[in-house]
There are 2 protein chains.
Amino acid sequence: MNTLAEENYLKAIYKLSLAAGNVSTNQIAAELATKASSVTDMVRKLAEKALVNYTRYQGVSLTKAGEKVALNIIRRHRLWEYFLVEKLHFKWDEVHDMAEEMEHISLTELIDRLDAFMGHPTRDPHGDPIPDCDGNFKVSELKPVSSVEVNTAGVISGVRDHSASFLQYLERQQLTIGKHIIIKEVISYDNAVILEMENTQIQISRDVANNLLIAL
Amino acid sequence: MNTLAEENYLKAIYKLSLAAGNVSTNQIAAELATKASSVTDMVRKLAEKALVNYTRYQGVSLTKAGEKVALNIIRRHRLWEYFLVEKLHFKWDEVHDMAEEMEHISLTELIDRLDAFMGHPTRDPHGDPIPDCDGNFKVSELKPVSSVEVNTAGVISGVRDHSASFLQYLERQQLTIGKHIIIKEVISYDNAVILEMENTQIQISRDVANNLLIAL
DNA sequence: TTGTATTTTTAGACAAGTCTAAAAAAATAA
DNA sequence: TTATTTTTTTAGACTTGTCTAAAAATACAA
């Protein structure tokens with residue numbers, strides 16, 4: 001098994017890899033609120049365990065094995081988030097930090113039963129896909145509201161920003177997962193977007209439109 | 001908050017305190033499968049945090065604060081055990097080690113909601129009482145089968161040995177929590193006990209009778 | 001292409017928690 | 001009461017994961 005610190009590194013590297021290809025020491029340090037020198041040390045250990053590819057000064061990427069571990073951590077995280085919202089009735093902006101703690105419980109049998117108990121959910125409360133026990137999940141074809149044509153209709157299905165403040169804002173506007181919306185207009189001055197939802201018009205900023213994902 | 005190691009020491013000291021008064025370094029070392037020298041070091045730290053009373057060569061006892069922390073860990077452990085059995089359908093002999101890992105998740109709000117989700121259970125799957133969030137629990141008046149008179153009737157309500165092998169044995173004999181039994185006879189030769197349960201006679205050894213607790 | 005700025009790594013140190021071996025204290029036996 | 005055994009503590013070392021400060025490599029600008 002891997003230590004808690006190792007798991008956090010693998011998760012961070014996975015997350016950063018989705019954007020860039022090779023991940024730099026500094027990026028990881030920023031993500032984990034630690035120092036680049038600490039990252040160098042840890043990345044060495046992970047390379048020895050064949051969980052990452054690493055050559056000095058060249059950045060890091062996950063090996064197949066490392067990716068599998070990372071996806072397993074993400075699976076655990078998202079299943080616990082689902083549990084916290086669906087069973088314990090926490091709000092979607094409250095569960096991230098709790099799940100961060102619970103994701104390190106790695107008994108396979110426990111996680112599989114938790115999964116079954118909840119009916120094998122495929123998405124967490126923020127719309128992110130939950131990998132199965134082999135790390136497979138269907139890649140979602142979600143688009144930011146800011147990227148679609150006027151008059152497009154879609155269903156709110158995910159967010160790019162997981163911060164509590166963003167989620168709370170969406171909640172207040174009732175822009176929650178599952179809601180049907182139509183993009184009515186983009187204000188050319190500031191790129192604000194006007195949506196129609198349940199026969200009401202809502203205006204959201206460019207920033208919000210960028211972080212709100214819909215399925216068409 | 002306390003570290004994982006600190007929590008394990010507090011729990012061990014609490015457990016050992018139930019039998020003896022002051023707990024010795026060696027006892028703690030045995031309980032935690034570590035060395036007496038390590039115990040001395042850790043006990044010093046706990047004393048500095050005012051969680052234990054300690055004077056060199058005199059053994060250790062929990063302070064009020066230390067006891068409260070210990071009871072909180074036990075609360076978490078037993079609530080998770082209940083969850084694993086009642087919701088995830090694990091067997092009572094499978095949950096101890098899993099709960100050992102989960103008990104260190106210490107977010108108060110989460111534990112309280114878990115408690116509510118399960119309907120505020122008062123006993124874990126082995127019949128042990130679950131302390132409330134202030135550490136209070138009702139002391140149970142349970143007696144080992146080996147200690148009661150012939151012809152006494154009672155309800156199986158707890159165990160003193162929590163090992164998987166003992167629990168599996170009881171399960172196989174159907175001697176599970178809630179069953180009504182009558183002590184029919186004690187064999188003078190080896191102190192084996194003959195019980196009646198659901199109109200059937202069952203013989204159990206002195207050892208088993210010693211570790212099986214009933215409410216009268 | 002040379003010099004400067006930035007990024008990354010190395011070197012050495014520290015805290016937590018553990019260990020072994022040896023010393024000190026307490027308990028037990030003669 | 002003195003000697004022996006057992007328990008407990010001390011001293012010093014090791015591992016994991018972190019840090020700071022300095023050195024090395026790379027990237028960027030003129």
Side-chain angles (χ1 to χ4, degrees), chain A residues 1-17 19-62 66 69-70 73 100-101 103-104 106, chain B residues 1-17 19-62 66 69-70 73 100-101 103-104 106:
Chain A
M1 255 313 95
N2 307 298
T3 67
L4 201 147
E6 285 169 345
E7 289 203 344
N8 286 332
Y9 274 89
L10 290 171
K11 196 168 53 126
I13 295 166
Y14 179 84
K15 187 177 165 189
L16 295 167
S17 297
N22 261 28
V23 179
S24 80
T25 307
N26 258 3
Q27 281 177 291
I28 299 169
E31 177 72 22
L32 293 174
T34 184
K35 298 292 142 105
S37 54
S38 309
V39 174
T40 302
D41 286 350
M42 179 55 93
V43 150
R44 275 239 178 68
K45 278 180 216 164
L46 293 172
E48 250 164 55
K49 286 187 155 195
L51 295 169
V52 301
N53 305 114
Y54 170 65
T55 13
R56 273 153 77 251
Y57 297 99
Q58 298 311 124
V60 190
S61 65
L62 293 177
V69 174
I73 300 164
E100 200 94 309
E101 216 168 303
E103 73 192 4
H104 299 291
S106 60
Chain B
M1 254 314 93
N2 307 298
T3 66
L4 201 147
E6 285 169 344
E7 290 204 342
N8 286 334
Y9 274 87
L10 291 171
K11 196 168 52 124
I13 295 166
Y14 178 85
K15 186 176 165 187
L16 295 167
S17 297
N22 260 29
V23 179
S24 80
T25 306
N26 257 3
Q27 281 176 291
I28 300 169
E31 177 71 24
L32 293 173
T34 182
K35 297 293 144 103
S37 54
S38 309
V39 175
T40 302
D41 286 351
M42 179 56 93
V43 150
R44 276 241 177 66
K45 277 180 217 162
L46 294 173
E48 250 164 55
K49 285 187 156 196
L51 295 169
V52 302
N53 305 115
Y54 171 66
T55 15
R56 271 155 76 252
Y57 295 100
Q58 299 309 124
V60 191
S61 64
L62 293 177
V69 174
I73 300 164
E100 201 94 308
E101 216 168 304
E103 73 192 4
H104 299 291
S106 61

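Being a predicted model, the structure only gives us computed values, none of them experimental. In what follows, chains are A, B, ... by sequence order, proteins preceding strands, each numbered from 1.
Scanning atom types as modelled, no donor and acceptor separated by under 3.5 angstrom connect the side chain of B:S24 and the base of D:dT8. Side-chain N/O atoms of B:S37 and base N/O atoms of C:dT20 include a donor-acceptor pair closer than 3.5 Å.
Across all strands shown, A:T25 has heavy atoms under 4.0 Å from sugar-phosphate atoms exclusively, and none from any base.
Residue A:G59 comes nearest to A:Y54 through the heavy atom pair O-CD1, 3.7 Å, listed as atom of the first residue, atom of the second, then distance. Residues A:E103 and A:E7 share a closest heavy-atom pair of O-OE1, 4.4 Å.
A distance of 10.5 Å separates CD of A:Q27 from CD1 of A:I13, quoted to the nearest 0.5 Å. One finds the CG atom of A:N2 at 11.0 Å from the CG atom of A:N8 (value rounded to the nearest 0.5 Å).
Comparing atom distances between the A:Y54 side chain and each of C:dT9, C:dC19, D:dT7 picks out C:dT9 as nearest.
Remark: B:N26 is not in phosphate contact with D:dT6, judged by side-chain N or O atoms under 4.0 Å from OP1 or OP2. OP1 and OP2 of D:dT18 both lie 4.0 Å or more from every side-chain N or O belonging to A:S38.
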Protein-nucleic acid N or O pairs under 3.5 Å, nucleotides 13-17 of chain C:
from	atom 1	to	atom 2	distance (Å)
C:dG17	OP1	B:T3	OG1	2.6
C:dG17	OP2	B:K45	NZ	3.4

What nitrogen or oxygen pairs link the protein and nucleotides 23-29 of chain C at under 3.5 Å?
from	atom 1	to	atom 2	distance (Å)
C:dA25	O4'	B:Y57	OH	3.4

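The pair B:E31-B:K11 does not meet the salt-bridge criterion, since no charged nitrogen lies less than 4.0 angstrom from a carboxylate oxygen.
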